[in-house]
Amino acid sequence: MTATPIPATYRRPLRQRLAVTLEPWLYCAPVLILITAVMLVPLILGISYAFRDIQLLNPFSGGFVGLEHFKTLGQDDAFLRALRNTLWWTGASVFFQLAFGLILALLLNVPFAGRGLAQSLVFLPWAVPTFLAGLNWAWLFNPVIGPIPHWLFALGLMDEPSNILADPSIAMWGPILAATWWGIPFFAITLLAALQSIPKDLYEAASIDGASPIQRFFSITLPYLAPVIAITVLLRTVWVANFADLIIVMTNGGPADRTQTVASYIFTQAFKRLDFGYASAVALVLLALLLAYSMVILVFRQKLSNRDK
Amino acid sequence: MATMEIRSASKNYGTIRVLDDINLEIGDGEFIVLVGPSGCGKSTLLRMIAGLEEITGGEIRIDDKVMNALPPKARDIAMVFQSYALYPHMSVADNMSYSLRLRKTDKPTIAEKVRAASSKLGLDALLERKPKALSGGQRQRVAMGRAIVRQPKAFLFDEPLSNLDARLREQMRAEIRKLHRELGATSIYVTHDQVEAMTLADRIVAMHGGHIQQVGTPLDLYDRPANLFVAGFIGSPGMNFLKGNIADRQLHLHDGRSVALPETMPATMGDATLGIRPEHVVLSPAGSDGLEAAVELVEPTGHGIILHLTLAGEVFKVLTHDRVWLEPGPTVCVSFPEEALHLFNAEGVRV
């Protein structure tokens with residue numbers, strides 16, 4: 001830089017100083033305006049709904065109600081049940097997706113003829129629109145047109161070929177099965193990528209050290225995959241917890257609210273009962289829960305990777 | 001400790017034969033170095049001994065037991081990899097004790113063996129560290145520690161020093177030699193570095209193109225290379241070759257000049273190659289006896305000077321320790337002591 005020395009007593013004129021101060025902001029302005037317009041404004045607007053009475057069917061609504069919605073929420077049994085269902089739905093879906101995704105990734109990591117084709121076919125469910133997947137599974141469970149109840153009946157697992165989506169005690173398994181089918185590829189893709197980055201000579205060293213295939217899996221594969229598993233499980237959990245499509249399409253939350261999750265409850269409140277204020281309040285609670293969950297996982301992961309150093 | 005025997009072993013990848021008719025006997029406690037350029041099959045042979053590659057044909061025996069069908073863990077060998085292959089999430093101590101823990105050795109024994117190995121290798125202060133917190137040389141030591149804790153029948157080394165810098169390589173070379181003297185374990189060591197081969201080996205196995213070219217002590221290979229490949233591969237800078245044909249006990253070069261051959265060599269032979277090591281060539285100023293050669297380049301290495309000459313259209317190198325040759329002038333004369341000459345026939349085999 002070539003700078004002319006400035007005498008200590010010299011002060012630039014006000015306009016010049018102002019220009020210097022504002023200059024960096026000017027450069028940032030396009031991005032800041034964009035972020036504010038497309039992210040912050042809708043977010044704040046959405047949050048503000050939670051504290052207002054907004055019902056589409058009531059032309060006089062729209063007023064500020066403070067924490068009224070949250071008080072109602074605390075006594076809303078349907079909401080509490082939805083919360084329990086969400087835990088169950090998310091936990092089971094993510095667990096089965098992870099388990100089968102891992103098995104699939106391990107199988108696809110072994111060289112065999114036609115592996116390239118198998119790899120691309122396996123990822124097909126991911127490309128199916130969730131709405132279509134939901135309808136498809138709903139029909140598969142329907143004894144009138146679908147084969148699954150008849151198979152279960154033939155295997156002796158069912159007294160008569162009935163629709164499990166209509167049985168309150170087991171209805172949740174329907175959407176969980178569909179979500180598992182739909183979500184396996186996601187885990188398979190990410191875990192396969194991670195598996196392929198494990199150096200082959202580690203396995204060779206372990207086999208010379210005397211490790212059986214199972215011991216090799218637990219002492220090399222799993223530790224290597226752990227960080228990837230942690231981050232994909234985190235992502236998937238948030239995703240599945242927010243994921244209402246399959247439930248809305250397959251059961252609509254029924255029978256008797258047995259498959260109602262928080263996400264589908266929000267959908268029902270907003271678009272069936274048209275109570276946007278209450279739906280926003282529920283959404284805000286879900287947001288807080290998921291944020292807390294993410295924090296816990298991130299701290300946990302940080303601890304894990306610190307231990308490695 | 002063990003003896004090893006490889007009988008007409010071969011290896012195919014698909015239809016490509018990468019190792020052909022390998023025969024080798026290794027004595028108890030011997031340090032064998034497999035040396036050759038990349039792609040000569042030396043690593044494949046080592047991996048076949050380890051059980052990491054299937055054996056296409058022939059037999060590999062350890063202590064007179066055929067190993068062909070046995071998995072690596074049943075062969076009781078240890079291997080040090082070029083990449084070290086340390087388990088990244090285990091501490092140094094855990095890395096070393098992994099094989100013992102798999103064998104359900106009791107804890108006091110494990111602790112004692114790890115302590116013995118780590119003190120032998122100077123790893124005491126590092127036992128709790130993870131591999132990624134170690135330098136290259138330290139990782140190399142851990143890899144060796146992992147091999148020695150369980151006292152296997154044989155050690156296999158797959159180019160273990162190639163990822164280290166020159167200084168460290170020199171140091172680790174000496175340590176491996178010392179370690180071998182202490183443990184006395186049968187060892188097979190793969191390298192493409194002929195200096196490593198010369199300094200470490202009891203016997204060198206020189207390989208090229210999937211075949212064993214020569215087996216012998218380092219000085220055997222240096223003094224009496226069996227063929228042109230071994231002659232050119234062992235020694236640095238490499239041996240000089242003069243091509244021509246032999247008549248009247250003289251090698252007639254392509255440029256019309258000739259080199260007199262000693263009594264011990266045949267008087268007529270047709271096409272032949274004469275070899276002489278750069279360090280055995282005698283230099284004299286231009287105009288003296290011997291062949292005149294143009295000086296292309298003078299390379300001082302500190303402990304010597306390498307002259308790059310052109311003789312009969314070929315590169316010809318001379319290693320001298322006399323500093324008067326730092327400024328040799330445009331040409332010099334070279335002559336060859338009789339006992340330093342190597343003669344190879346048209347097939348490249350030593351005569």
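Below, read A as the first sequence line, B as the second, and so on, with proteins coming before strands; counting in each chain starts at 1.
Heavy-atom neighbours of B:Glu54 CD from other residues, nucleotides or ligands within 6.0 Å: at or below the threshold of 12. Around atom OH of A:Tyr27, no more than 12 heavy atoms belonging to other residues, nucleotides or ligands sit under 6.0 Å away. More than 12 heavy atoms of other residues, nucleotides or ligands lie within 6.0 Å of CG in A:Leu155, so this atom counts as buried by the packing criterion.
Interatomic distance, CD of A:Glu204 versus OG of B:Ser83, reported as 9.0 Å (0.5 Å rounding). Here the CD1 atom belonging to A:Ile208 is positioned 11.5 Å from the CG atom belonging to B:Asp76, to the nearest 0.5 angstrom.
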Show the numbers, then the answer: is there a side-chain contact (heavy atoms from CB on, under 4.5 Å) between B:Arg150 and A:Asp209? CA-CA 9 Å; B:Arg150 48 177 247 248; A:Asp209 272 346; 3.4 Å; yes
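For a residue to count as touching a neighbouring chain, one of its non-hydrogen atoms must lie under 4.5 Å from one of that chain's; by this rule A:Ala226 does not touch chain B. If you measure heavy-atom distances from B:Leu52 to chain A, the contacts under 4.5 Å come from the side chain alone. For B:Leu86, the part lying near chain A is the backbone, with the side chain staying farther off; criterion is any non-hydrogen pair under 4.5 Å. Residue B:Arg129: no heavy atom, backbone or side chain, is found under 4.5 Å from chain A. With a 4.5 Å cut-off on non-hydrogen atoms, B:Phe81 touches chain A through its side chain but not through its backbone.
The closest side-chain donor-acceptor pair between A:Ser219 and B:Tyr98 falls under 3.5 angstrom.
Across every non-hydrogen atom of A:Leu202 and B:Pro88, the tightest pair is CD1-CD, 3.9 Å. Listed here is the closest heavy atom pair of A:Gly210 and B:Lys73: CA-CB, 3.3 Å.
When the candidates B:Arg146, B:Arg75, B:Met90 are compared by the number of heavy-atom contacts under 4.5 Å with chain A, B:Arg146 comes out ahead.
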